[in-house]
Amino acid sequence: MTLPLNPAWRDEFAARLLAWGSGQRGHLPWRAAADDGRRDPYRVWVAEIMLQQTGVTTVGPYYDRFLARFPTVATLAAAPLDDVLKAWEGLGYYARARHLHRAAQIVVAEHGGRVPSDAHALARLPGIGRYTLGAILSIAFGQPAPILDGNVRRVLARVFAITDNVRAPATERRLWALSEALVPADAPGAFNEALMDLGATICIAARPRCLACPVMSLCQGRAMGIQDALPTRPPRRQTPHYDVTAGVIWRGDEFLVAQRPLDKMLGGLWEFPGGKCDPGETLADCLRRELREELAIEVAVGDAVTVVRHAYTHFRITLHAFHGRIVSGEPRAVEVAAFAWTTLADVDRYAMAVTDQRILAALRRR
DNA sequence: TAGTCGTGGGC
DNA sequence: TGCCCAAGACT
C-alpha cells in the first residue's frame with residue numbers, strides 16, 4: 001500500500017504531538033519510571049491489559065492494588081487463579097485476567113520470568129493481540145511498533161478524513177499502515193502514548209476540542225468541517241433483554257455460591273446460582289429448574305431479595321433474586337465449576353460480578 | 001469473520 | 001432513561 005505521507009509532514013506531525021504530549025498525564029501510575037528512568041515491562045504489560053476497553057479512571061485503583069498484590073511476573077504466576085480473579089473483580093472482561101495469569105506462567109517457564117522483548121515471543125502470549133504487542137514493544141522496549149486502539153482509530157480517521165467504516169477490514173489495514181508510517185524511531189513510546197492521550201482528552205468522540213489540538217492545522221477532517229461525523233461506524237444492532245433468577249439458598253447462617261464455568265461469560269467468578277428464564281416460565285419455576293440443572297437440588301422459593309437491572313455489552317437483564325432452601329437432594333457441581341457454602345462474613349473471599357455484589361448489598365441491608 | 005466478552009461514565 | 005463509548009482479544 002502506498003502512503004500519502006511525505007516525510008516533512010510526518011516529522012511535523014510527530015514533533016507537534018511529542019511537544020504536546022510531554023506535558024500530559026505524567027501522573028498516571030503506570031507511567032512511573034524506575035530509578036534508572038526506564039519502565040518495568042511487567043507493569044506496562046499489566047496496565048495495557050487492564051486498559052483494554054476500560055477507562056483510565058476505572059483502571060487506576062485496580063492497577064495499584066494489583067501491583068501491590070502481584071509485584072512481579074513470578075508472584076502472579078505462582079498465585080491461584082482465584083486470587084487473580086478476586087483482584088480483577090468488578091473490572092470486567094475476565095478473560096483478560098485468566099489470560100494474563102496463564103501468560104505469566106509461560107513467561108516464567110519459557111523466559112526465566114522476564115517479559116520478552118521479542119515481538120514473536122510476546123505475540124504468542126495469551127491476551128496480547130496486535131494493539132497490546134505494539135504498546136509493549138514501543139512503551140516498554142523503545143521499539144518503533146505501531147498501535148491502533150479506539151483513540152488512534154478516531155484521531156487518524158479525522159486527521160486523514162477517512163469516511164469509510166473504520167471497522168471494515170480494508171479501513172483497518174489502512175489505519176494500521178498509517179500508524180506504522182507515523183511512529184517515529186527515536187521516540188515510539190512517547191509518540192504512541194501522546195497519540196492515545198490526544199484521543200482521550202482532545203480528539204474525543206463527541207464534540208472534539210479542536211481549538212486545543214496541537215495538530216489542528218494538519219487535520220484534514222477539521223479543514224473539511226467533518227470532524228464531528230468521524231469516525232464512521234456500522235450501526236449497532238439492538239440488544240435483547242432477559243429475565244434472570246438467582247437463589248440465596250440458606251442452610252442456617254450459610255448460603256450457596258457457585259462458580260461459573262471457566263470457558264463461559266464471567267468464567268471463574270462466583271455467583272448466586274440461577275439462570276435465564278424460558279419464555280412464559282414463571283420466575284419461581286425458572287429458579288427451581290436452574291438449580292435442578294446446575295446443582296441437582298430441589299428448592300423451595302421464598303421471598304424476593306431484590307431486583308437488579310444490568311446492561312452487558314450484548315444484552316440486558318433483569319435479575320430477580322429470591323431466598324430459598326433445599327427441600328431435597330445434596331448439591332453436586334453438575335453445570336457449574338464448583339460450589340461452596342459460605343456466610344455474609346466470609347463471602348468476600350469469592351470473586352463475584354457486579355450483579356451478585358448488588359444482591360449481597362441487599363442482603364446486608366436487611 | 002462476525003459474535004462474544006463487563007462495567008462505569010457521559011450525555 | 002437509554003444509548004454511546006472505552007488503551008481489544010479470542011474464536
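So you know, we letter chains A, B, ... as the sequences are listed, proteins then strands, and number each from 1.
Among the atoms of the strands shown, only primed sugar atoms or phosphate atoms (P, OP1, OP2) are found under 4.0 Å from some heavy atom of A/Arg130. Across all strands shown, A/Trp88 has no heavy atoms under 4.0 Å from either base or sugar-phosphate atoms. Across all strands shown, A/Thr239 has no heavy atoms under 4.0 Å from either base or sugar-phosphate atoms. Within 4.0 Å (heavy atoms only), A/Ile136 reaches no atom of the nucleic acid at all.
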Side-chain atoms of residues 216-233 of chain A: list all donor-acceptor pairs with protein atoms under 3.5 Å, sequence neighbours left out, distances to 0.1 Å.
| from | atom 1 | to | atom 2 | distance (Å) |
| --- | --- | --- | --- | --- |
| A/Ser217 | OG | A/Arg16 | NH1 | 2.6 |
| A/Ser217 | OG | A/Arg16 | NH2 | 3.2 |
| A/Thr232 | OG1 | A/Thr163 | O | 3.0 |

Indicate every side-chain donor-acceptor pair of residues 297-306 of chain A with a distance under 3.5 Å to a residue at least two apart or in another chain.
| from | atom 1 | to | atom 2 | distance (Å) |
| --- | --- | --- | --- | --- |
| A/Glu298 | OE1 | A/Arg292 | NE | 3.4 |
| A/Glu298 | OE1 | A/Arg292 | NH2 | 3.4 |
| A/Glu298 | OE2 | A/Arg292 | NE | 2.7 |

Taking distance alone, no hydrogens or angles, what donor-acceptor pairs closer than 3.5 Å link side-chain atoms of residues 102-118 of chain A to residues at least two apart or in another chain?
| from | atom 1 | to | atom 2 | distance (Å) |
| --- | --- | --- | --- | --- |
| A/Gln105 | NE2 | A/Ala77 | O | 3.2 |
| A/Asp118 | OD2 | A/His120 | N | 3.2 |
| A/Asp118 | OD2 | A/Ala121 | N | 2.9 |

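Near DNA chain C, meaning a heavy atom under 4.0 Å away, the residues from residues 120-128 of chain A are A/Pro126, A/Gly127, A/Ile128. Within residues 191-205 of chain A, no residue has any heavy atom closer than 4.0 Å to DNA chain B.
Distances were taken from every side-chain heavy atom of A/His314 (C-beta onward) to each of C/dC10, B/dT4, C/dG8; the shortest belongs to B/dT4.
The P atoms of B/dG6 and C/dT11 are separated by 14 Å, rounded to the nearest whole Å.
Sorted by first and then second residue, the pairs that involve residues 261-280 of chain A and meet salt bridge (Lys or Arg N to Asp or Glu O under 4.0 Å), not counting sequence neighbours, are A/Arg260-A/Glu271, A/Asp278-A/Arg289. For the ring pair (Phe, Tyr, Trp, His ring centres under 6.0 Å) condition, the pairs that include at least one residue of residues 276-313 of chain A, sequence neighbours left out, are A/His310-A/Tyr312, A/Tyr312-A/Phe315. Within the structure, side chain to side chain donor-acceptor pair (under 3.5 Å) contacts touching residues 70-84 of chain A (residues at least two apart or in different chains) are A/Arg69-A/Asp83, A/Thr72-A/Thr75, A/Asp82-A/Gln259. Residue pairs satisfying the salt bridge (Lys or Arg N to Asp or Glu O under 4.0 Å) criterion with at least one member in residues 311-332 of chain A, sequence neighbours excluded, are absent. Counting only residues at least two apart or in different chains, side chain to side chain donor-acceptor pair (under 3.5 Å) contacts with residues 180-199 of chain A comprise A/Arg31-A/Glu193, A/Arg31-A/Asp197, A/Arg39-A/Glu193, A/Ser138-A/Asn192.
The backbone N or O of A/Glu254 sits nowhere less than 3.5 Å from a side-chain atom of A/Trp250 that would complete a donor-acceptor pair.
We find that CD of A/Gln238 is positioned 13 Å from P of C/dG2, with the value rounded to whole Å. We find that CZ of A/Arg207 is positioned 19 Å from P of C/dC4, with the value rounded to whole Å. Between A/Asp149 atom CG and C/dA6 atom C1' the separation is 9 Å, expressed in whole Å.
For A/Arg288, the salt bridge (charged side-chain N to carboxylate O under 4.0 Å, His left out) test picks out A/Asp285, with sequence neighbours left out.
For the pair A/Arg98 and A/Tyr94, the NZ or CZ position fails the cation-pi test of under 6.0 Å to the six-membered ring centre and within 45 degrees of the ring normal.
Along DNA chain C, the nucleotide closest to A/Leu133 and the one closest to A/Arg154 are compared, and the more 5′ of them pairs with A/Arg154.
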With the sugar-phosphate defined as primed atoms, P, OP1 and OP2, and the base as all remaining atoms, what B/S/- string results for nucleotides 6-11 of chain B, 5' to 3', for protein heavy atoms under 4.0 Å?
-> BBS---

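A close approach under 4.0 Å does occur between a side-chain nitrogen or oxygen of A/Arg233 and OP1 or OP2 of C/dA6.
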